[in-house]
Amino acid sequence: PHLTDIFDDVDPIPSTFCLKSRSVVSEDFSGGYPSDEKWHGYINNNDRVLLKTIHYSSPTSAGAECIDPSCTWVEQWVHRAGPREKIYFKPEDVKAAIVTCGGLCPGLNDVIRQIVITLEIYGVKKIIGIPFGYRGFFKEGIHEMQLSRKVVQNIHLAGGSLLGVSRGGPNVSDIVSNMEERGINMLFVLGGNGTHAGANAIHNECRKRRMKVAVVGVPKTIDNDILLMDKTFGFDTAVEEAQRAINSAYIEAHSAYHGIGIVKLMGRSSGFIAMHASLASGQVDVCLIPEVPFRLHGPHGVLNYLKFLLETKGSAVVCVAEGAGQNFLEKTNATDPSGNIILGDIGVHIQQESKKYFKEIGLPADVKYIDPTYMIRACRANAADGILCAVLGQNAVHGAFAGYGGITVGICNTHYVYLPIPEVISYPKEVDPNSRMWHRCLTSTGQPDFV
Ligand code: ATP
Ligand code: MG
């Protein structure tokens with residue numbers, strides 16, 4: 001088979017970012033099979049979505065990110081997602097597989113459901129689920145799951161993943177050989193950065209073997225830490241659930257004499273959940289995130305500020321992201337089966353240090369710690385995430401049918417787009433301590449700098 005780049009024949013648009021060199025279709029696109037009138041209109045292959053459309057009048061404007069001070073326009077574009085008039089695969093030749101990897105995230109079932117339903121509308125008959133992540137390609141005694149609209153109809157009413165998830169597992173070459181044996185030519189991969197690194201490796205291995213397989217990712221990160229995307233599914237739900245935990249911490253702290261409530265939220269390297277939940281709840285006095293260093297002890301430390309809050313307000317609520325303040329904790333070098341470093345528990349540490357501190361200074365304090373992580377992750381997606389999942393699921397299938405491979409779907413600058421996987425996983429998106437959003441969060445909590 002002849003391998004060509006899908007974007008060879010489109011007009012180049014001046015850009016600092018484009019898919020051209022990276023996103024690949026396995027064969028000449030022009031001879032594609034016409035797609036039926038099922039989608040109420042098609043997306044033109046030349047459609048572009050601008051990633052940034054803000055015009056900063058000066059580089060010193062608050063929150064401006066000027067690459068060079070003489071350039072106040074930042075223009076980057078990506079391809080618009082959606083159904084194409086010509087499709088690359090004949091629906092009757094498709095065997096599609098779906099796999100979910102990593103940790104749980106609200107909305108996984110919504111995405112699985114929408115992928116299956118959209119595949120069926122295209123006319124695909126062979127749809128399978130790979131159980132328990134990449135391990136499921138080989139797991140003995142566990143067989144692939146046959147999927148249809150009937151099977152997935154109501155799965156979005158519950159959290160979790162119908163297919164199950166796992167970490168670690170087989171190497172990429174074995175996975176691709178297994179896909180070859182099973183005759184899989186569309187693979188939908190739902191997972192985080194690790195899963196996407198795997199998906200990209202699978203895509204490259206398929207290309208190397210000249211297999212005509214569309215590997216399409218749907219980014220699953222409750223932390224919202226994927227580059228370029230406005231938000232990822234599950235994030236909204238997580239923030240909403242996190243607020244409940246914060247509210248409980250507030251009530252506990254407020255009802256106790258000198259009460260302190262500490263809530264630890266997800267966010268290994270990015271504090272988006274902690275920041276947004278703090279902003280949304282309006283009940284947080286101190287928000288601590290991995291991107292912003294802080295001290296616990298000393299006149300400018302968190303503990304001294306908690307003392308001030310107890311003396312002035314009578315109670316305090318601390319919201320801390322799990323990756324914050326890791327420098328205070330002993331490094332263990334322990335990793336999970338996927339190779340991710342297991343973090344120390346910063347919530348427990350702050351609780352212990354506060355108890356010690358207030359005992360030492362002889363000020364009574366009632367410190368309570370809440371870790372709602374698994375309750376948040378296992379939730380059913382809320383309405384906003386339900387919509388996001390539905391659109392991402394549909395677009396994943398449209399992308400695969402259009403012949404895109406090694407891509408992931410997302411929402412950028414309010415539009416739905418296809419992005420090359422390596423562009424979005426090179427490093428995690430982080431809260432910019434100079435951004436307006438972080439400044440708004442600080443305004444809302446009223447906290448000082450802890451350095
Ligand atoms: P989460 O956000 O929940 O951590 P994740 O996708 O990052 O999601 P991981 O457990 O890190 O979760 O990885 C999921 C799967 O991807 C695992 O099966 C792991 O073996 C595989 N994987 C991780 N990194 C790579 C890589 N660089 N190449 C190939 N496969 C990988
Ligand atoms: Mg990860």
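In listed order, ligands and their atoms are each counted from 1. By convention here, the first residue in the shown sequence is residue 1. Note: hydrogens, waters and symmetry copies are ignored here, and every other heavy atom, side chains too, is used. Owing to the predicted nature of the structure, the values given are computational and were not obtained by experimental measurement.
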Apply side chain to side chain contact (heavy atoms under 4.5 Å, CB included) to residues Trp438 and Val292 and explain how you reach the verdict. CA-CA 10 Å; Trp438 178 243; Val292 179; 3.7 Å; yes
Nearest protein heavy atom with distance in Å, relative to atom 6 (O) of ligand 1: Thr195 OG1, 2.3 Å
Nearest non-hydrogen protein atom, atom 10 (O) of ligand 1: Ser338 OG, 2.5 Å
Return the closest protein heavy atom for atom 26 (C) of ligand 1 as residue, atom name and distance. Ala197 CB, 3.6 Å
For atom 12 (O) of ligand 1, what is the nearest protein heavy atom, given as residue, atom name and distance? Arg167 NH1, 3.2 Å
Is there a nitrogen or oxygen of Cys101 sitting under 3.5 Å from a nitrogen or oxygen of ligand 1? no
Let's go through Val151 and Val116 carefully: what are the C-alpha distance in whole Å and the side-chain angles of both, what is the deciding distance for side chain to side chain contact (heavy atoms under 4.5 Å, CB included) to 0.1 Å, and is it a yes or a no? CA-CA 9 Å; Val151 174; Val116 171; over 6 Å; no
Counting only heavy atoms not in Arg295, do more than 12 sit closer than 6.0 Å to its CZ atom? no
Taking atom CG of Asn327 as the centre, does the number of heavy atoms from other residues, nucleotides or ligands within less than 6.0 Å exceed 12? yes
Are the side chains of Cys319 and Ile246 in touch, meaning some heavy atoms are under 4.5 Å apart? yes
Ligand 1 atoms nearer than 4.0 angstrom to some heavy atom of Asn340 are 9 (P), 10 (O), 11 (O)
Given the ring of Phe272, does Lys429 sit roughly above its face, with NZ or CZ under 6.0 Å from the centre of the six-membered ring and within 45° of the axis? yes
Judged by modelled atom types alone, do Arg380 and Thr237 share a side-chain donor-acceptor pair under 3.5 Å? no
Say whether Gly192, considering both its backbone and side-chain N or O atoms, lies within less than 3.5 Å of an N or O atom on ligand 1. yes
Pairwise side-chain contact, Met145 with Ile128, heavy-atom cut-off 4.5 Å (strictly under): no
Taking the side chain as everything from C-beta on, heavy atoms only, tell me whether Val165 gets closer than 4.5 Å to Phe132. no
How far is atom 29 (C) of ligand 1 from its nearest protein heavy atom, and which residue and atom name does that atom have? Gly198 CA, 3.4 Å
Below 4.0 Å from ligand 1: does a non-hydrogen atom of Thr221 turn up there or not? no
If we only consider heavy atoms of Gly168, is any one of them less than 4.0 Å away from an atom in ligand 1? yes
Min heavy-atom dist Lys220 to ligand 1 below 4.0 Å: yes
The atoms of ligand 1 lying under 4.0 Å from a heavy atom of Gly194, numbered in the order shown, are 5 (P), 6 (O), 7 (O), 11 (O), 13 (O), 16 (O), 21 (C), 22 (N), 23 (C), 24 (N), 25 (C), 31 (C)
For the Mg ion (ligand 2), does an N/O/S atom of Thr195 lie at less than 2.8 Å? no
Can you sort out which atoms of ligand 1 are near Tyr134, meaning under 4.0 Å from one of its heavy atoms? 15 (C), 16 (O), 18 (O), 21 (C)
Give the residue, atom name and distance (to 0.1 Å) of the protein heavy atom nearest atom 7 (O) of ligand 1. Asn193 OD1, 2.5 Å
I want to check something: taking the side chain as every heavy atom from C-beta on, are Ile112 and Asn109 in contact at a cut-off of under 4.5 Å? yes
